[in-house]
Amino acid sequence: MATDPIHQFQISKLIPIEIGGLDFSFTNSSAFMLATVLGAGAFLFLTTSSRGLVPGRLQSISEMAYEFIASMLRDAAGSQGMRFFPLVFSLFMFVLVANLFGMVPYFFTVTSHIIVTFALAILVIGTVLVYGFWKHGLKFLNLFVPEGVPAALVPLVVLIEVVSFLSRPVSLSVRLFANMLAGHITLKVFAGFVTSLSAFGAVGVAGAVLPLAMTVALTGLEFLVAFLQAYVFAVLTCMYLNDALHPSH
Amino acid sequence: MANREKPDDLDRRRRDLETALAARRPAGSEGDKAAGTGSMGGYGNALKLSSEFIAGILVGAGLGWFIDRVAGTSPWGLIIFLLLGFGAGVLNVLRSAGKVAEFGARTPDKGRSDREAK
């Protein structure tokens with residue numbers, strides 16, 4: 001068993017594919033992304049296929065997820081925001097299921113790689129930009145000019161606002177990735193203490209109870225983080241989409 | 001006649017349910033918030049604010065570096081955009097802490113009318 005806390009994030013090629021000198025290999029990361037999509041899709045499909053008027057336990061989980069995202073989106077972006085419901089719901093389910101899959105021992109955590117979370121964030125910001133410009137044209141740029149700013153300061157403020165806007169996908173992706181990475185490393189380090197302490201005979205085994213208790217507590221915390229980060233990702237997506245829908249006050 | 005009455009009854013019951021749910025909803029969301037600010041609150045906030053700040057600086061520096069590369073104005077683009085990035089980072093932090101108005105400074109009644117329009 002590898003005790004290196006970083007080892008769990010290593011990407012290994014399952015099926016090497018190379019097209020035109022570029023590496024398109026099917027990696028363990030791709031495998032778990034596929035598993036995430038299939039898992040989330042299958043869960044939602046199977047639990048809602050019975051369509052009971054009185055939902056069972058599993059069906060009510062699906063319905064709660066729907067209600068949760070729908071009310072979040074409606075609160076943040078108004079009823080017009082509901083056209084983005086499929087996007088927000090897919091993102092939420094993907095991040096949530098990927099985070100939860102990462103909690104299974106020996107599983108790979110897709111969202112602990114910044115390129116994955118950055119791609120998701122770029123998708124959100126790309127949607128905001130494309131929809132904003134398509135719907136509002138150049139009036140979308142009003143987003144960068146706050147009200148009541150002295151004319152002399154407008155160029156400076158606009159530059160800062162533009163940089164601030166561009167930093168959104170970065171902070172969105174860094175937050176999710178850093179939470180998952182830090183959580184999994186902490187978990188692994190504390191779990192590693194258990195094995196290395198128990199090598200010191202009876203006293204070590206007695207001492208190993210402490211990191212074991214910590215590992216158990218951290219596992220609970222990590223489940224909370226998994227939900228919280230998926231929620232935060234979805235909330236911020238809703239807020240950014242609101243900017244695309246209502247750029248000018 | 002029984003057929004007539006049934007939908008009415010269902011309608012009334014659904015309305016009752018909706019008002020009951022509406023009465024419970026704010027309490028539920030407050031509970032969520034309390035859970036967020038509990039044991040996890042400090043850690044989550046620290047990560048959130050630092051990621052906002054770092055993202056601003058990184059994007060500013062990256063933008064400046066890119067402009068330098070394209071326009072050959074090294075090192076002025078990097079210097080100026082790094083400073084702008086600091087500004088944007090501070091703005092991000094203040095914004096996510098709720099001390100500065102959001103992008104575009106929406107008026108609150110606009111959002112409300114949208115919500116009621118549904």
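Throughout, protein chains are lettered first and strands after them, A, B, ... in sequence-line order, and every chain is numbered starting at 1. Because the structure is predicted, anything quoted here is derived from the model rather than measured.
The part of B:Leu91 that comes within reach of chain A is its side chain, from C-beta onward, which places non-hydrogen atoms under 4.5 angstrom from that chain. Heavy atoms closer than 4.5 Å to chain A are found in the side chain of B:Phe81, but not in its backbone.
Using modelled atom types and a 3.5 Å distance limit, the side chains of A:Ser167 and B:Asn92 yield a donor-acceptor pair.
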Would you mind writing out the side-chain donor-acceptor pairs for residues 123-132 of chain A within the sub-3.5 Å range, not counting sequence neighbours?
residue  : atom : partner  : partner atom : Å
A:Thr127 : OG1  : A:Leu123 : O            : 2.6
A:Tyr131 : OH   : A:Arg83  : NH1          : 2.7

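What you find for B:Gly56 and A:Val163 is that their closest heavy atoms are O-CG1, 3.8 Å.
A:Leu138 CG: 12 or fewer foreign heavy atoms inside a 6.0 Å radius. Taking a 6.0 Å sphere around CE of A:Met82, one finds it holds more than 12 heavy atoms contributed by other residues, nucleotides or ligands.
Separating the CZ atom in B:Arg95 from the CZ atom in A:Arg168 is a distance of 7.0 Å, to the nearest 0.5 Å. The line from CG of B:Leu84 to CD of A:Glu161 is 11.5 Å long, rounded to the nearest 0.5 Å. Rounded to the nearest 0.5 Å, atoms CG (B:Leu83) and CG (A:Leu156) are 10.0 Å apart.
Looking at heavy atoms from C-beta onward, B:Ile54 lies out of side-chain contact with A:Val174 at the 4.5 angstrom threshold.
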